[in-house]
Number of protein chains: 2
Amino acid sequence: MTTYSPDVASCLEADIVFRDAVVLDGDRERAEICDVAVSKGRISSILPKGHGTKIRAKEECLCESKKALLPGFVNAHTHVAMTLLRGLGEEAPLKDWLEKHIWPVEGKLKSNHIRIGTQLGIIEMISAGVTCFGDMYFHMDEVANAALEIGVRCGLCQGLIGKDPLFSLKLKEGIKLYDNWHGKDEMITVQLGPHAPYTVSPKKLARIAEIARGLHAGIHTHWLETEWERNYIINELKQDPIGLLYETGLANVASLVLAHGVWFPADRLSEIAKDNITIVHNPSSNMKLGSGFAPLSQMIQKRVNVALGSDGAASNNRLDPWLEMRTASLIQKGLHKDPTLVKSKEAIQIATVNGYKALGFSKAGLIREDWKADFILVDLDKPHYVGWDLKNLAGFIVFAGTSRDVWGTVVNGKWVYRNGEYTTVDYERVIHDSKVARKNLLNN
Amino acid sequence: MTTYSPDVASCLEADIVFRDAVVLDGDRERAEICDVAVSKGRISSILPKGHGTKIRAKEECLCESKKALLPGFVNAHTHVAMTLLRGLGEEAPLKDWLEKHIWPVEGKLKSNHIRIGTQLGIIEMISAGVTCFGDMYFHMDEVANAALEIGVRCGLCQGLIGKDPLFSLKLKEGIKLYDNWHGKDEMITVQLGPHAPYTVSPKKLARIAEIARGLHAGIHTHWLETEWERNYIINELKQDPIGLLYETGLANVASLVLAHGVWFPADRLSEIAKDNITIVHNPSSNMKLGSGFAPLSQMIQKRVNVALGSDGAASNNRLDPWLEMRTASLIQKGLHKDPTLVKSKEAIQIATVNGYKALGFSKAGLIREDWKADFILVDLDKPHYVGWDLKNLAGFIVFAGTSRDVWGTVVNGKWVYRNGEYTTVDYERVIHDSKVARKNLLNN
């Protein structure tokens, strides 16, 4: 899948050129050694080894066939600022965890906590190769500002709880978030964020869906995370959990992101295999909270757009796409006793291009000319990569790779992380501020 | 659980002292800041913060309450030299994987491959904090030499296949391995290594067990890895899979290490909850090969000594105890829909002290005075550790931690890995030799 343009090779100018990079993405059967040029936030040319010598760039990055260039990872469902809540109520039963540990602290979160917690989470994510994230939380202007300042892409929504006395106000805030930020510099998309079918009534879900259709906005919500939730929909709401998506109009918005889907009936997955619907699989969080194993292999088989998420750091406790990608594949192999399920190419797809699609970013998540220059450099010169070749690289990345292999992270054609350094944020300041914020939060 | 000796604090000499280290192990309810001194391969004293100023040591390591000092991890079941086979036949069904990809290459492995592959694996392991490993393979003198040279502890056995025309010779080699290496410098133990109940007949298992009893040697074998294997024992051998351990005498050797145990009936686990029997849980490998999920939480509940392993790199594809520890805990929470299962303290136990016990090393795997000085330093000054405290550190280590956090690895009181450097092995040479060996192996 080379996009080879020999006729223009004599006159190419670029911001950065990556020489002899080992290019791989979720659409390639094998890796290929190429010179990849970046201009104005786009991948401006991809020329096979030996053909890129005439690219003139302001900056050269010599990959020497020892660094892989892959699309950046999309952490498609998270609550980034929850980095400040990491480790709270560890190992408590779910109800206690929420009621005694998480909610009381969340109630104290001010906008400055959200700003600092988001910065902390972004630092962790970019060093692990995340170039885009999908976030549902509150004080979302802070999240938008932090993401833009550091320079990562994101899809944001204001979380909405039906019983919240401030529901109408929050809904307005969610709409304002859309008005102010959606499409901003091609870096941010905004969705509306009804929390879940057990916290927002079908009537309110329908209202939110109607507003979303009016705005041409997407929706990001939790759906069928736990068995309890499925039973609630069936027994209390007297609804069918898939039917409810159509009944409320959620299924008919521009894009619908359903986080978790652990309890989606496998035989009904084809009903949501539509261009505008994504399930975000969060394997670590689903295990850690005792929710179960989502039917990921069936989702893939039924051609549902599946993306990958970490969920919040408080229920994971990492924001690490490598862990999620590896875990997602391994669980299905173990669960179905079939080592051929969720192949490495598919794992890379769900961790990259599918996430961009979920969050409404076009031309992103594959290494192609004119696509967004969001990618990572992976250092293959490490003990656990001995034996990689162009044909087997995907397997090495998914099963042998870890976040410690990320050498560099590029978003929108700009470095955000390079050889251990954060290029757009003051690391020491964020760590310091985070420690202060955490203490302040727990002691007051 | 402080071992506090104020009366001797005025006259302590040591090889190395670790000042203000955050001490944690599988036996402590909470971490504690201590000065830890090491002499002649042992932990010579542990003094609480402020009491260790009079320790005089040849070397000081200032941990500044920002580095955790934990027992080293034990990778209790692996085939280290399979690092050279990593990624072969990825995603093939198990039978094809073995018959078409692994066995043909294993048939070509010469002693120099074993030496190089073992060095490569040890490099990966020590950078991830492994201080001791349990290995079953062949050309085991090479493994012993590599381990001793680099300075890691290990329990070794020569793999034995009943149908091998050279079975008797290999058995003699296994006994010779015991005679030559068992107890060597307190760094190596040797077990006898019948491969599995489907490759070694009950008669031969009984013969090996008898020899082991005569030598006072332990046995390391695979047991109940797959459903097929369980059915083979029941239907072909007409044996009960647990009864067979007693029938053959395996259960009565000095120490019995059973790798996998995926298909151990949960209601029969109490029958093997004995001091001399260990199950080594290999969660990644068991998923990757489609074997299933072992009943780990029931093993812990029934007080079976459970240790943790990576299995060979060809079926994992990492040799990373952090991944196995985290995965082991998460799977049980997800499988049983109970977030309280396999708590972080238990996860640390199975990854450390239980493994030493399995491989026959006494006084190892906890941070205690007079115990073996096998431990790691973990850098807590990282974004994902913001919020750690003495009470919650175990959770941070197990769920938020990764192998990239290992700052240093000490075995037998000596550094083998320190701040990114390998202190006892020529890293570049091993990587180079490994690449050559891999190519040579696959192309001939």
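These numbers come from the heavy atoms of this one structure, side chains and all, not from hydrogens, waters or symmetry mates. Letters A, B, ... mirror the listed sequences (proteins, then strands); counts begin at 1.
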Undergrad: Rounded at 0.5 Å granularity, tell me how far CG in B/Asn316 sits from CG in A/Leu330.
TA: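 Taking CG in B/Asn316 and CG in A/Leu330, the distance rounds to 8.0 Å.
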Undergrad: Return the option, out of B/Ile331, B/Asp338, B/Thr327, with the maximum number of heavy-atom pairs under 4.5 Å with chain A.
TA: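 Among B/Ile331, B/Asp338, B/Thr327, the one with the most close pairs to chain A is B/Ile331.
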Undergrad: Could you tell me which residues satisfy side-chain contact (heavy atoms from CB on, under 4.5 Å) with A/Ser344, sequence neighbours excluded, listed by chain and number?
TA: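 For A/Ser344, the residues satisfying side-chain contact (heavy atoms from CB on, under 4.5 Å) (neighbours in sequence not counted) are A/Ala394, A/Val398, A/Phe399, B/Glu91.
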Undergrad: Checking an interface table here. Which of residues 428-436 of chain A come within a heavy-atom distance under 4.5 Å of chain B?
TA: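 Residues of residues 428-436 of chain A touching chain B at under 4.5 Å: A/Ile431, A/Ser434, A/Lys435.
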Undergrad: What distance separates B/Ile397 CD1 from A/Asn317 CG, expressed to the nearest 0.5 Å?
TA: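 Rounded to the nearest 0.5 Å, the CD1-CG separation comes out at 12.0 Å.
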Undergrad: Any heavy-atom pair between the side chains of B/Arg404 and A/Thr402 that's under 4.5 Å?
TA: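 Result no, sub-4.5 Å side-chain heavy-atom pair not found.
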Undergrad: Any residues in residues 112-122 of chain B near chain A, with a heavy-atom distance under 4.5 Å, and which are they?
TA: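 B/Leu120 fall under the 4.5 Å cut-off.
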Undergrad: Is there side-chain contact between B/Leu289 and A/Pro339, with heavy atoms separated by less than 4.5 Å?
TA: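 No, every pair of side-chain atoms sits at 4.5 Å or beyond.
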Undergrad: Please say whether more than 12 non-hydrogen atoms of neighbouring residues, nucleotides or ligands are located less than 6.0 Å from NZ in A/Lys108.
TA: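 More than 12 within 6.0 Å, yes.
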Undergrad: Quick check for you: to the nearest 0.5 Å, what is the distance between A/Arg86 atom CZ and B/Phe396 atom CZ?
TA: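 It comes to 6.5 Å.
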Undergrad: I need the residue from A/Val342, A/Leu341, A/Leu94, A/Leu323 with the largest number of non-hydrogen atom pairs under 4.5 Å to chain B.
TA: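 When all of A/Val342, A/Leu341, A/Leu94, A/Leu323 are compared, A/Leu323 has the most.
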Undergrad: Determine whether the side chains of A/Arg326 and B/Ser284 contain a donor N or O and an acceptor N or O closer than 3.5 Å.
TA: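 Indeed, the side chains of A/Arg326 and B/Ser284 share at least one donor-acceptor pair under 3.5 Å.
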Undergrad: With a 4.5 Å cut-off on heavy-atom pairs, point out which of B/Ser403, B/Ser329, B/Ala437 contacts chain A the most.
TA: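 Of B/Ser403, B/Ser329, B/Ala437, B/Ser403 has the most heavy-atom pairs under 4.5 Å with chain A.
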Undergrad: What part of A/Asp389 is in contact with chain B, defined as an atom under 4.5 angstrom from a non-hydrogen atom: side chain, backbone, both or neither?
TA: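 Neither; nothing under 4.5 Å.
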Undergrad: What are the two closest non-hydrogen atoms of A/Tyr427 and B/Pro383, and how far apart are they?
TA: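 Shortest heavy-atom contact: OH-CD, 3.2 Å.
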Undergrad: Can you tell which of B/Asn392, B/Val262, B/Thr83, B/Leu335 has the highest number of heavy-atom pairs within less than 4.5 Å of chain A?
TA: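 Heavy-atom pair counts peak at B/Leu335.
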Undergrad: Need one label for B/Leu319: side chain, backbone, both or neither, based on atoms under 4.5 Å from any heavy atom in chain A.
TA: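 Contact with chain A involves no heavy atom of B/Leu319 at all.
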Undergrad: Where does A/Thr340 contact chain B at under 4.5 Å (heavy atoms): side chain, backbone, both or neither?
TA: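 Contact with chain B: backbone and side chain both.
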Undergrad: What distance do A/Arg318 atom CZ and B/His384 atom NE2 have between them, rounded to the nearest 0.5 Å?
TA: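 Result: 4.5 Å between the selected atoms.
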Undergrad: Quick test of your reading: applying ring-ring contact (aromatic ring centres under 6.0 Å, His included), list the pairs with at least one residue in residues 318-346 of chain B, sequence neighbours left out, ordered by first then second residue.
TA: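 For residues 318-346 of chain B, and leaving out neighbouring residues, the ring-ring contact (aromatic ring centres under 6.0 Å, His included) pairs sorted by first residue read B/Phe73-B/Trp322.
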Undergrad: Supply the atom-to-atom distance B/Lys288 NZ to A/Lys333 NZ, rounded to the nearest 0.5 angstrom.
TA: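 B/Lys288 NZ to A/Lys333 NZ: 6.0 Å, rounded to 0.5 Å.
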Undergrad: With a 4.5 angstrom heavy-atom cut-off, is it the side chain or the backbone of B/Ala313 that approaches chain A, or both, or neither?
TA: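 Nothing of B/Ala313, per the 4.5 Å heavy-atom cut-off to chain A.
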